[in-house]
2 protein chains.
Amino acid sequence: MAIRYALLGLLTKEPHSGYDLHSTFKTQHIYFWNSTHSQVYQELNKMRDEELVTFETIVQEGSPNKKLYTITPKGEKRLIEWMMEEAIKPAKIKDEFLLRVSAFQAITIDEAIALLERILAREKAILDGTSKWQQEHYGEDGPPNYLHIGSYLTSEFGKRYAKMYVEWCQWALETLESYRT
Amino acid sequence: MAIRYALLGLLTKEPHSGYDLHSTFKTQHIYFWNSTHSQVYQELNKMRDEELVTFETIVQEGSPNKKLYTITPKGEKRLIEWMMEEAIKPAKIKDEFLLRVSAFQAITIDEAIALLERILAREKAILDGTSKWQQEHYGEDGPPNYLHIGSYLTSEFGKRYAKMYVEWCQWALETLESYRT
DNA sequence: AGAATCATGTAAGTTGTTACATGATTCA
DNA sequence: TGAATCATGTAACAACTTACATGATTCT
């Protein structure tokens, strides 16, 4: 239901192919949305049937042909209606690592520490990647115009989320050490 | 697939009813897991069929009868196997508010500010609730024994997540104000 | 009087995932 | 030579949500 608004939102900036849209979920949108390529293609087909998007086939040399999707006025209207709904559903999170943490009582302290150290390394790498992405795209001053404000604000969220995750891991490791004695 | 590990994890601490388990998702687990009561009951039935849990019917006066579920040795073994898997899937997040933020270019600055202010209030209330919950359950010193370490570590995550969300909202509001001129 | 809490469940529908399917080009 | 990237799609299955269904008690 909401996947379509994720796609429509990206299409308000410029036309994208299905492949592009999915790539964005895997890179920029990881902190607040996720999807698989098959779902993206299916949803784009539905939206084309409902005339929320149109596409144009781009013939390329060297890489396969692609379909460049553009949002229609009807699609824009629908997106804005959704953005203005009073009810904002709370976030739905499925974090398998934190689920493991919540069951740490079932394993030993050493096993728990080993798991945490793996995730600390992973989150450090993510923080690094997000910081670099933001620096490359927006530098110190933020986006040059309002068109990219959304992307800038959410990239900052991603950076803060990763930083919080890293610091929490470090705190959790210290806390676990103190339970060893 | 993973909902069962969420349930099994809680059952390693003590027996719970389906209602209890679902309540926990709505309160303590909101930062890393979510589910509906219907899914909880369905999964408990499946796990009973697979002998991962057993239950006992508790007859109550004043409130309806309930089924108290207990984890079996087979269930514990299955949980630990899952916790020790090398691959830890990245978190899957569906945050409709941040999805709206990512499309802020489609609405006016005033509308964007109004949305952010609503969420700031919501997140402040959540931070407050999480802080109080942690204080009431663990005070200043943390859990008295290793049995509650998981719950303590994840409640701290929840607190830090809410704090980060509040601070990000405040930063985003300032940033938006600066784009008005 | 109406809403919230406790308590469990089924049925129908929607959403999302995994596997299957293809194939050229580029990088290591 | 094998993996990664670009590029799109379908089919089958699993996961998840919403609506329906009931009903006593307690709080406002």
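Letters go in sequence order (proteins before strands), and every chain restarts at 1. Excluded from the calculations below are hydrogen atoms, water molecules and symmetry mates; all remaining heavy atoms, backbone and side chain alike, are included.
When the nucleotides C:dT15, C:dT18, D:dT18 are ranked by their closest atom to the side chain of A:Lys46, C:dT15 comes out on top. Closest to the side chain of A:Ser38, out of D:dA15, C:dA19, D:dT8, is C:dA19. In the set D:dG23, D:dG9, D:dT18, the nucleotide with an atom closest to the side chain of B:Pro64 is D:dG23.
For A:Tyr41, no side-chain nitrogen or oxygen approaches OP1 or OP2 of D:dG9 to under 4.0 Å. Taking only side-chain nitrogens and oxygens, B:Tyr19 comes nearer than 4.0 Å to OP1 or OP2 of C:dC6. At C:dG16, one or more side-chain N or O atoms of B:Lys94 fall inside 4.0 Å of OP1 or OP2 (strictly under the cut-off). Using a 4.0 Å cut-off, some side-chain N or O of A:Gln60 falls inside it from OP1 or OP2 of D:dA7. OP1 or OP2 of C:dC6 has not a single side-chain nitrogen or oxygen of B:Asn65 nearer than 4.0 Å.
Residue A:Ala2 is the one, among A:Ala2 and B:Lys89, whose nearest nucleotide of DNA chain C lies closer to the 5' end (criterion: closest heavy atom). In terms of position on DNA chain C, the residue among A:Gly62 and B:Leu68 whose nearest nucleotide sits closer to the 5' end is B:Leu68.
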Quick one: do B:Gln134 and B:Ser155 satisfy side-chain hydrogen bond (donor to acceptor under 3.5 Å, both in side chains)? Show the steps, please.
-> CA-CA 6 Å; B:Gln134 198 194 51; B:Ser155 78; 3.2 Å; yes
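Within 4.0 Å of A:Asn34, counting heavy atoms only, lie sugar-phosphate atoms of the nucleic acid but no base atom.
Atoms NE2 (B:His37) and C1' (D:dC20) sit 10 Å apart, rounded to a whole Å. Taking atom CD on B:Gln39 and atom C1' on D:dC16, their separation rounds to 5 Å, with Å as the unit. One atom, CD of B:Glu61, and another, C1' of D:dG23, lie 17 Å apart when rounded to the nearest Å. In this structure, the CZ atom of A:Arg48 is 13 Å from the P atom of D:dT8, given to the nearest Å. If you measure from atom CG of A:Leu7 to atom P of C:dT15, you get 13 Å, rounded to the nearest angstrom. When the P atom of D:dC6 is taken as reference, atom CD1 of A:Ile58 falls 17 Å away, rounded to whole Å. Distance A:Gln42 CD to C:dT15 P: 11 Å, rounded to the nearest Å. Rounded to an integer number of Å, the gap from A:Lys67 NZ to D:dC6 C1' is 16 Å.
Taking a 6.0 Å sphere around CD of B:Gln60, one finds it holds more than 12 heavy atoms contributed by other residues, nucleotides or ligands.
A:Arg122 places a side-chain N or O within 3.5 Å of a backbone atom of B:Ile88 that can act as its donor or acceptor partner.
Ring geometry, A:Trp168 versus B:Phe157: the interplanar angle exceeds 60°, so the pair is classed perpendicular (tilted spans 30 to 60°).
Nearest heavy atoms, A:Phe25 versus A:Val40: CE1-CG2, 3.9 Å.
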